[in-house]
Amino acid sequence: MTTVGFLYPGHSAEDDYPRMEMLFGSDIRLQVVHTDIGEDAHRVDALLEMGADARLAAGVEELRLAGAESVVWACTSGSFVYGWEGAHAQTRALALAAGLPASSTSFAFAHAAQALGARRVAVAATYPEDVTAHFVAFLKEAGIEVVADRASGIITAAEVGTWEWDQVRALARAGDHPDAEAVLMPDTALHTAAYLPALEEELGKPVLTANQVTVWEGLRLAERRAWTPKLGTLFARRP
């Protein structure tokens with residue numbers, strides 16, 4: 001049994017995690033602990049508070065007791081708003097608090113894009129423009145060129161969590177660009193686990209979504225490989 005721990009802010013699309021656990025159909029357990037979200041707002045000041053070290057540290061004991069072998073802060077905006085160096089400091093503090101290898105969804109996107117060899121990407125974001133710009137800057141620090149970015153202007157995770165297939169597909173299509181080797185959809189409040197093969201068929205290229213890459217990152221840290229084509233190219237078995 002491999003148990004991976006996730007600190008997930010509030011309640012929006014956390015049901016993606018049991019769905020993904022079921023798709024693996026093996027001895028992988030995805031343990032989710034909810035952190036205090038504070039103010040639900042895609043606004044820089046609120047996101048900085050959401051990702052504060054003390055908020056994350058409050059959930060690590062439950063993950064340790066569950067036998068987690070790694071922990072990921074399952075929030076993209078609550079990590080990249082700290083900038084490249086600040087996000088590293090955030091994960092170092094989390095690793096120290098948990099006594100486990102740690103990362104965040106922002107780094108998961110960078111590592112997943114690199115693993116797929118995607119040097120040029122498009123960003124299809126639910127966030128307002130200023131928050132989306134922080135993600136673009138973060139990716140550039142990771143050596144990833146953003147050829148196009150789309151901001152949707154949604155303020156709350158609660159609203160994003162209500163989006164269904166038609167809205168997710170429309171966002172992915174609007175954010176895509178012919179020069180992009182992959183499309184990144186960065187909000188962990190967005191339900192995407194059920195849609196990945198359809199999104200990739202629609203766009204004809206890999207699609208990386210927040211909860212998908214978060215799980216991939218946690219498994220990577222736990223040194224556990226897992227495969228299921230139902231979670232897109234990132235989890236497809238390749239020669």
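With V213 as reference, T105 is the one residue of L184, T105, T76 to meet the side chain to side chain contact (heavy atoms under 4.5 Å, CB included) rule. No option in V207, L199, T209 other than L199 meets the side chain to side chain contact (heavy atoms under 4.5 Å, CB included) test with V168.
Looking at heavy atoms from C-beta onward, E129 lies out of side-chain contact with T132 at the 4.5 angstrom threshold. In this structure, S79 and Q90 have side chains that are in contact, with non-hydrogen atoms separated by less than 4.5 Å. Counting only heavy atoms from C-beta outward, the side chains of L231 and L23 approach each other to under 4.5 Å. Q212 has its side chain within reach of L234: a pair of non-hydrogen atoms, C-beta onward, lies under 4.5 Å apart. Inter-residue side-chain proximity for R224 and D27 is flagged as met; some heavy-atom pair is nearer than 4.5 Å. You'll find the side chain of V131 stays beyond 4.5 Å of the side chain of R43, heavy atoms only. Between P9 and H34 there is no side-chain heavy-atom pair separated by less than 4.5 Å. Contact of the F107 side chain with the H88 side chain is registered, since non-hydrogen atoms from C-beta on lie closer than 4.5 Å.
In summary, the side chains of H191 and D15 do present a donor paired with an acceptor at a separation below 3.5 Å, with no hydrogens or angles considered. When only modelled atom types and interatomic distance are considered, R29 and T3 share no side-chain donor-acceptor pair under 3.5 Å. A donor-acceptor contact under 3.5 angstrom links the side chains of T233 and E200, judged on distance only.
Using a distance-only test at 3.5 Å, with no hydrogens or angles considered, no donor-acceptor pair links the side chain of E164 to the main chain of T162. Within the 3.5 Å criterion, the main-chain N or O of A180 finds a donor-acceptor partner in the side chain of K205. A side-chain donor-acceptor contact under 3.5 Å links Y127 to the backbone of P186. Counting only distance, with no hydrogens or angles, the side chain of D40 and the backbone of A158 share a donor-acceptor pair below 3.5 Å. Side chain of Y8 to main chain of A13: a donor-acceptor pair is present (N/O by atom type, distance under 3.5 Å, no hydrogens or angles). Using modelled atom types, one side-chain atom of S70 and one backbone atom of G218 make a donor-acceptor pair closer than 3.5 Å. With hydrogens and angles disregarded, no donor-acceptor distance shorter than 3.5 Å links the side chain of N211 to the backbone of T192.
Atoms CZ and OG1, on F6 and T188 in that order, are 11.5 Å from each other to the nearest 0.5 Å. Atoms CG and CD, on L7 and Q31 in that order, are 10.5 Å from each other to the nearest 0.5 Å. To the nearest 0.5 angstrom, D187 atom CG is 3.5 Å from T126 atom OG1. Here the CE-OH distance, from M185 to Y195, works out to 10.5 Å after rounding to the nearest 0.5 Å. Going from atom CG of L30 over to atom CE of M22 covers 11.5 Å, rounded to the nearest 0.5 Å. Interatomic distance, CD1 of I155 versus CD of E39, reported as 10.0 Å (0.5 Å rounding).
Nearest approach of P128 to I154, heavy atoms of both residues: CD-O, 3.4 Å. Scanning both residues, A102 and T91, for their nearest heavy atoms gives CB-O, 3.8 Å. Between R150 and L171, the shortest heavy-atom distance links the atoms CG-CD1, 4.1 Å. Nearest approach of A226 to I28, heavy atoms of both residues: CB-CD1, 3.5 Å. Here the shortest heavy-atom pairing between R169 and D166 reads NH2-OD1, 3.3 Å. The nearest pair of heavy atoms linking S103 to A108 is OG-N, 4.5 Å.
Note on W84 and V44: same hydrophobic cluster, where clusters join Ile, Leu, Val, Met, Phe, Trp and Tyr whose side-chain heavy atoms are under 4.5 Å apart, directly or indirectly. Both I144 and L116 belong to a single network of hydrophobic side chains, linked directly or stepwise wherever heavy atoms of I, L, V, M, F, W or Y lie under 4.5 Å apart. In the hydrophobic cluster analysis, where Ile, Leu, Val, Met, Phe, Trp and Tyr join through side-chain heavy atoms closer than 4.5 angstrom, W165 is grouped together with L190. Following chains of ILVMFWY side-chain contacts shorter than 4.5 Å, one can reach L48 starting from M50, so the two form part of one hydrophobic cluster.
Between F80 and F135, the ring-plane angle classifies as tilted under the 30° and 60° cut-offs.
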side-chain contact (heavy atoms from CB on, under 4.5 Å) evaluation trace for E181 with R119
CA-CA 7 Å; E181 297 167 324; R119 300 186 188 90; 3.9 Å; yes
Could you go through the side-chain contact (heavy atoms from CB on, under 4.5 Å) check for Y17 and R19 one step at a time?
CA-CA 5 Å; Y17 292 84; R19 178 185 289 273; over 6 Å; no
Pair T2, V4 - check side-chain contact (heavy atoms from CB on, under 4.5 Å), show working.
CA-CA 7 Å; T2 300; V4 180; 4.3 Å; yes
One pair to check against side-chain contact (heavy atoms from CB on, under 4.5 Å): E49 and R55. What are the steps and the verdict?
CA-CA 8 Å; E49 178 59 30; R55 287 183 185 270; 3.3 Å; yes
Apply the test salt bridge (charged side-chain N to carboxylate O under 4.0 Å, His left out) to residues D179 and R120: give CA-CA distance (whole Å), side-chain angles for both, the deciding distance (0.1 Å), then the verdict.
CA-CA 7 Å; D179 293 338; R120 297 183 303 278; over 6 Å; no
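A salt bridge links E202 to R173: at least one charged side-chain nitrogen sits closer than 4.0 Å to a carboxylate oxygen.
A distance of 6.0 Å or more separates the ring centres of Y82 and F138. In summary, the aromatic rings of F235 and F24 are positioned with their centroids under 6.0 Å apart.
Evaluation of the side-chain contact (heavy atoms from CB on, under 4.5 Å) rule for R220 yields H111, W216, E217 as partners, not counting sequence neighbours.
The number of heavy atoms from other shown groups lying within 6.0 Å of CD (E62) does not exceed 12.
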